[in-house]
Amino acid sequence: MAYGRPRGGGGDVAHGFPHLATVHAALTALYRRVSPEGLYAYAASVAPGDVAFADADDLHLGAHRVAGALVRQLRLPEARMIVGFRAMEHAAAVELAAGPEYFVELNDRFRTHRRDIGAALAHEITHVLLHRWGLAFPDTRDNEILTDTVTTYLGAGWLLLDAYREDALTSQKLGYLTPEEFGYVLAKRARVFGEDPSPWFSSPQAYTAYERGRAQALRDERRPPLAAADRAGRRRYARERRRYAEPGGGPVPGGAAGGDGYAFEGSGAGLRVSFPCPTCRQRVRVPVRGRVRARCRLCRTVLECDT
């Protein structure tokens, strides 16, 4: 397996949230594969000191030390990573087999860019974890986005965001998610586990991307029919609810078109609204009857709704 190579030339790093639908599907798939209780085993991210790589460190010993820290972070105690370096198009690749030994190859560029070795290894070792779990998306590109999302949500992906650097002349980004999408998943993780990754960023651009992703993640918690929705969202929701309930009313496009993702179903006393859980993106269905407290069946998040 390979993933996005380091870039150069400036201005060629994609930004924004073009892969958000796949990221959402990845979060749902992760919660379905691992229970909320299981995910709490990853509540603490890998510590910066455990993956630090000084220029004076021995290249191969240091790479294996960092790989060992990531194996422990991802809870793969029976996996041994053999790390090598060679000239290649992509940043890294891993040979997926039955184990317990896995061969990870890193681009020769990392011989002199050692601070990013942890980021490259984090992605590849997560491939091993997903292979063992039997969790994959059928499309290759979507599967790489799944890998980046899981790496980040399980506490190793802050390294991938910190590998993002960009200035007027050069740029570098590892992974398939945009910097803002990495920030979005990190913020989702931070909300669940109460962890702030921002002090760990050595890249100023990574911190900015995290803040943008965090703002997007917070918007998920302020969409109708959640009680925390803003006034404009609540007014739009009430208007579309009335429109749906009118005689001859039908599917209301406003929820999807407005980006809120809710949909009405049923009629009369059986009128219900479904919407994506802001934590795991599993759809939640609740009756339309004013203030309602709901619990997501997948991640068990308690949601205060105003339906």
Side-chain angles (χ1 to χ4, degrees), residues 3-20 22-24 26-27 42-55 66 69-70 73-74 91-92 109-110 112-123 125-126 144-145 147-222 278-279:
Y3 77 126
R5 60 181 178 271
R7 304 171 182 225
D12 55 359
V13 173
H15 289 279
F17 302 93
H19 311 111
L20 215 51
T22 307
V23 170
H24 290 163
L27 289 173
Y42 301 91
S45 291
V46 64
D50 291 342
V51 289
F53 207 125
D55 289 340
V66 172
L70 292 166
Q73 172 65 31
L74 295 172
R109 181 179 185 276
F110 290 111
T112 54
H113 292 75
R114 299 182 180 187
R115 63 183 286 189
D116 298 323
I117 283 177
L121 288 173
H123 179 99
I125 294 171
T126 303
E144 296 293 352
I145 292 170
T147 304
D148 278 345
T149 303
V150 172
T151 305
T152 305
Y153 209 79
L154 298 186
W158 67 267
L159 288 162
L160 284 159
L161 178 53
D162 196 40
Y164 161 56
R165 290 181 288 280
E166 189 169 17
D167 57 35
L169 298 177
T170 62
S171 60
Q172 172 185 278
K173 182 185 76 69
L174 301 182
Y176 284 86
L177 297 182
T178 68
E180 292 79 11
E181 287 167 339
F182 274 119
Y184 175 83
V185 181
L186 275 173
K188 290 285 190 187
R189 169 186 166 80
R191 296 289 284 176
V192 172
F193 300 121
E195 185 181 67
D196 179 11
S198 58
W200 305 331
F201 297 133
S202 61
S203 163
Q205 293 84 11
Y207 179 81
T208 300
Y210 172 68
E211 287 299 308
R212 291 173 178 166
R214 182 173 176 271
Q216 179 71 21
L218 289 175
R219 279 193 284 272
D220 288 350
E221 302 176 14
R222 297 168 183 166
T279 299

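This structure is a prediction, so every number in the text was calculated from the model and none was measured. Below, each value reflects all heavy atoms present in this structure, side chains not excepted, and no hydrogens, waters or symmetry copies.
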For [X], what residues pass the side chain to side chain contact (heavy atoms under 4.5 Å, CB included) criterion, not counting sequence neighbours?
X      : value
His15  : Val13, Tyr164, Glu166, Pro179, Glu180
Ala163 : Asp116, Ala119, Gln172, Leu174
Thr149 : Val23, Ala26, Leu27, Ile145, Leu177, Val185
Pro204 : none

Would the distance check show the side chain of [X] and the main-chain N or O of [Y] forming a donor-acceptor pair, the cut-off being under 3.5 Å?
X      : Y      : value
Lys173 : Leu160 : no
Thr178 : Gly16  : yes
Gln73  : Val46  : yes

Please find the pair of heavy atoms, one from [X] and one from [Y], that lie closest to each other, and give the distance.
X      : Y      : result
Ala122 : Leu74  : O-CD1, 4.4 Å
Ala120 : Phe110 : CB-CZ, 3.9 Å
Leu70  : Ala156 : CD2-CB, 4.0 Å

With rounding to the nearest 0.5 Å, note down the distance linking [atom1] in [X] to [atom2] in [Y].
X      : Y      : atom1 : atom2 : answer
Gln205 : Leu161 : CD    : CG    : 10.5 Å
Tyr42  : Tyr153 : OH    : OH    : 13.0 Å
Lys188 : Thr152 : NZ    : OG1   : 14.0 Å

**Request:** Could you note down all residue pairs passing side chain to side chain donor-acceptor pair (under 3.5 Å) where residues 191-202 supplies at least one of them, sequence neighbours left out?
**Result:**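 Passing the test, one end in residues 191-202: Ser45-Glu195, Arg115-Ser202, Asp162-Ser202, Arg189-Glu195, Arg191-Glu221, Asp196-Ser198.
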**Request:** Return each pair, listed once, that meets side chain to side chain donor-acceptor pair (under 3.5 Å) where at least one residue sits in residues 207-217; pairs must be two or more places apart or across chains.
**Result:**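 Listed by first then second residue: Gln216-Arg219.
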The criterion is ring pair (Phe, Tyr, Trp, His ring centres under 6.0 Å); which residues satisfy it with [X], sequence neighbours excluded?
X      : value
Tyr184 : His24
Phe17  : none
His19  : none

